[in-house]
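By convention in this document, chain letters (A, B, ...) are assigned in the order of the sequence lines, proteins followed by strands, and residues within each chain are numbered from 1. Keep in mind that what you see is a predicted model, and the values were worked out from it rather than measured.
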Protein chains: 2
Amino acid sequence: MPVSETMAMRLRRAYMTMHRYAQQHFASFGVTADQYVLLSLLAEQDEIRQQDLAARAYSDPNTIAAMLSLLEEKKLLRRKRDKSDGRAKLVCLTALGHRLHEKLIRSVEPIHAEMERAVGADRQALFASLWQIESTLANLQLKSSVDQ
Amino acid sequence: MPVSETMAMRLRRAYMTMHRYAQQHFASFGVTADQYVLLSLLAEQDEIRQQDLAARAYSDPNTIAAMLSLLEEKKLLRRKRDKSDGRAKLVCLTALGHRLHEKLIRSVEPIHAEMERAVGADRQALFASLWQIESTLANLQLKSSVDQ
DNA sequence: CGCAACTAATACGTAGACGTACTAATGTTA
DNA sequence: TAACATTAGTACGTCTACGTATTAGTTGCG
């Protein structure tokens with residue numbers, strides 16, 4: 001089978017197209033698509049540890065730390081030591097960060113709408129398949145590492 | 001809606017899980033998941049321009065150039081000037097590259113099988129939805145740039 | 001209590017995504 | 001043919017993904 005017709009490449013194309021589109025969209029606000037995800041997660045839950053943020057953003061602690069440094073320089077968030085655990089830091093949005101997030105969340109509504117419209121009634125089937133892929137491969141990974 | 005339940009994050013999780021799994025898999029062969037894609041494309045069509053390679057890998061010329069440099073250092077491929085167009089370079093696998101690709105393609109069969117099994121009968125519906133997302137967002141991008 | 005195992009964050013390195021600027025070759029058109 | 005726009009590839013910078021190593025704080029246990 002041609003590479004371009006494999007499930008892997010189809011998934012890549014869908015994800016990359018979405019990511020590129022989002023990247024371009026958010027550029028006019030001076031943030032990246034991934035930074036928007038972080039801001040949204042922080043708006044959803046304040047005072048969150050970097051580890052938790054990494055898990056929710058489906059990223060990793062190293063990447064999150066780098067992204068937070070950039071967002072902190074831009075005064076969109078701050079980090080304070082967790083009093084109950086001196087190793088951890090709690091991240092929260094600044095007022096500026098909240099205001100930006102409000103603007104951003106309004107700006108993405110049309111995009112979400114377009115994506116929903118694109119998949120239409122197959123939405124639930126798509127979600128089920130995506131979840132199947134995710135859970136199957138995540139478990140494979142787990143299994144082989146537990147085998148050691 | 002919680003960020004984690006958006007279509008965008010579901011798509012991200014599926015793609016990133018697959019990519020991480022592939023990354024780990026190919027690490028034992030000394031290549032990355034994305035390098036495997038390039039090797040496969042070259043095995044599919046020899047003497048291909050970097051631009052075409054970028055399009056087929058759904059990447060971009062800058063990234064491809066960097067990746068090709070690494071693969072060229074590893075003697076897996078070489079680039080020669082295109083006689084019919086002095087700007088272009090034609091990329092092709094070395095014998096070493098072909099041999100490695102043969103090994104790699106055998107090693108990924110179980111992964112493709114697992115992914116097919118994971119989505120099962122919903123395979124065609126999934127492909128249709130992924131294509132809907134891709135084409136919808138790609139066209140949005142096109143439209144707004146043509147509007148300028 | 002004290003020390004070993006674990007954990008959160010950081011530091012640093014490599015790879016990939018992609019923007020912008022540049023060079024060299026090609027095409028176009030007056 | 002000369003001036004000009006396009007195009008292929010390179011160079012370089014920023015951001016993200018993620019591996020490995022290190023530091024500092026926490027937990028568990030003899």
Side-chain angles (χ1 to χ4, degrees), chain A residues 12-13 15-28 30-39 47-55 57-74 76 78-91 141 145, chain B residues 12-13 15-28 30-39 47-55 57-74 76 78-91 141 145:
Chain A
R12 171 180 170 86
R13 282 197 300 269
Y15 176 72
M16 294 297 292
T17 303
M18 174 188 75
H19 195 268
R20 279 172 197 158
Y21 185 79
Q23 198 74 2
Q24 171 188 301
H25 171 79
F26 290 116
S28 52
V31 294
T32 67
D34 305 280
Q35 288 171 352
Y36 166 70
V37 172
L38 282 200
L39 295 178
E47 308 237 316
I48 185 174
R49 289 166 166 227
Q50 298 187 192
Q51 297 285 340
D52 296 345
L53 209 43
Y58 211 70
S59 183
D60 82 294
N62 282 321
T63 303
I64 294 299
M67 294 178 70
L68 291 178
S69 295
L70 293 174
L71 293 172
E72 197 169 30
E73 275 172 28
K74 297 171 85 175
L76 295 171
R78 59 199 144 72
R79 286 181 278 187
K80 47 185 178 187
R81 200 160 0 281
D82 183 347
K83 288 188 184 63
S84 71
D85 184 344
R87 294 166 303 182
K89 295 185 180 177
L90 300 176
V91 187
Q141 216 149 12
S145 58
Chain B
R12 172 181 170 85
R13 282 197 300 269
Y15 176 71
M16 294 297 293
T17 303
M18 174 188 74
H19 195 267
R20 280 173 197 157
Y21 184 79
Q23 198 74 3
Q24 170 190 300
H25 171 80
F26 291 115
S28 53
V31 294
T32 67
D34 305 280
Q35 289 171 352
Y36 166 71
V37 172
L38 282 200
L39 295 178
E47 308 236 320
I48 185 173
R49 290 166 166 227
Q50 299 188 191
Q51 298 284 341
D52 296 344
L53 209 43
Y58 212 71
S59 183
D60 83 294
N62 283 321
T63 303
I64 294 299
M67 293 178 71
L68 291 178
S69 295
L70 292 174
L71 292 172
E72 198 168 29
E73 275 171 29
K74 296 170 85 174
L76 295 171
R78 59 202 144 73
R79 287 182 278 187
K80 47 186 177 186
R81 198 160 4 282
D82 182 345
K83 289 188 183 61
S84 70
D85 184 344
R87 296 166 300 182
K89 295 184 179 176
L90 299 176
V91 187
Q141 215 149 14
S145 59

Partner residues of Tyr15(B) under the ring-ring contact (aromatic ring centres under 6.0 Å, His included) criterion, sequence neighbours left out: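 Tyr15(B): ring-ring contact (aromatic ring centres under 6.0 Å, His included) contacts with Tyr15(A), His19(B).
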Could I get the full list of ring-ring contact (aromatic ring centres under 6.0 Å, His included) partners for Phe26(B), not counting sequence neighbours?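 Phe26(B) satisfies ring-ring contact (aromatic ring centres under 6.0 Å, His included) with Tyr36(B) once adjacent residues are dropped.
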Test salt bridge (charged side-chain N to carboxylate O under 4.0 Å, His left out) applied to Asp85(B) - qualifying residues, sequence neighbours left out: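 Expected list: Arg49(B), Arg87(B).
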Restricting to salt bridge (charged side-chain N to carboxylate O under 4.0 Å, His left out), what partner residues turn up for Lys80(A), sequence neighbours left out?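 Checked Lys80(A) against salt bridge (charged side-chain N to carboxylate O under 4.0 Å, His left out); matches are Glu47(A).
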Pull out every protein N or O sitting under 3.5 Å from an N or O of nucleotides 15-17 of chain C, one pair per line with the distance.
from    : atom 1 : to       : atom 2 : distance (Å)
dG16(C) : OP1    : Thr32(B) : OG1    : 2.5
dA17(C) : OP1    : Arg12(A) : NH1    : 3.1
dA17(C) : OP1    : Arg12(A) : NH2    : 2.9
dA17(C) : OP2    : Ser59(B) : OG     : 3.2

For Ala65(B), which residues count as a side-chain contact (heavy atoms from CB on, under 4.5 Å) partner, sequence neighbours excluded?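 For Ala65(B), the residues satisfying side-chain contact (heavy atoms from CB on, under 4.5 Å) (neighbours in sequence not counted) are Gln50(B).
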Qualifying residues under side-chain contact (heavy atoms from CB on, under 4.5 Å), relative to Thr63(A), sequence neighbours excluded: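 Counting only residues at least two positions away or on another chain, Thr63(A) forms a side-chain contact (heavy atoms from CB on, under 4.5 Å) with Ser59(A), Asp60(A), Met67(A).
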Let me test you: for the helix from dC1(C)-dG30(D) to dA30(C)-dT1(D), what is the angle between the axes at its two ends (five pairs each), rounded to 10 degrees?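 It works out to 10° between the end axes.
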Once you round to the nearest 0.5 Å, how far does CG of Leu68(B) lie from CG of Leu53(B)?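 Separation between the atoms: 6.0 Å.
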Nearest 0.5 Å, please: how far is CZ in Arg12(A) from OH in Tyr58(B)?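 Here the rounded value is 9.0 Å.
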Is a side-chain N or O of Lys89(B) found less than 3.5 angstrom from the main chain of Arg78(B), in a donor-acceptor match?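 Checked: no pair found.
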Backbone N/O of Thr32(A) and side chain of Gln35(A): donor-acceptor pair under 3.5 Å: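 Answer holds: yes.
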Which is it for Leu90(A) and Lys83(A) under the side chain to side chain contact (heavy atoms under 4.5 Å, CB included) test, yes or no, and what are the steps along the way? CA-CA 9 Å; Leu90(A) 300 176; Lys83(A) 288 188 184 63; over 6 Å; no
Nucleotide range of DNA chain D lying under 4.0 Å from chain B heavy atoms: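 The contact span of chain B on DNA chain D goes from dT6(D) to dC18(D).
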side-chain hydrogen bond (donor to acceptor under 3.5 Å, both in side chains) against Ser84(A), all qualifying residues, sequence neighbours excluded: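 Counting only residues at least two positions away or on another chain, Ser84(A) forms a side-chain hydrogen bond (donor to acceptor under 3.5 Å, both in side chains) with Asp82(A).
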Can you build the contact string for nucleotides 8-13 of chain C? Use B for base contact, S for sugar-phosphate-only contact, and - for no protein heavy atom under 4.0 Å. SSBB--
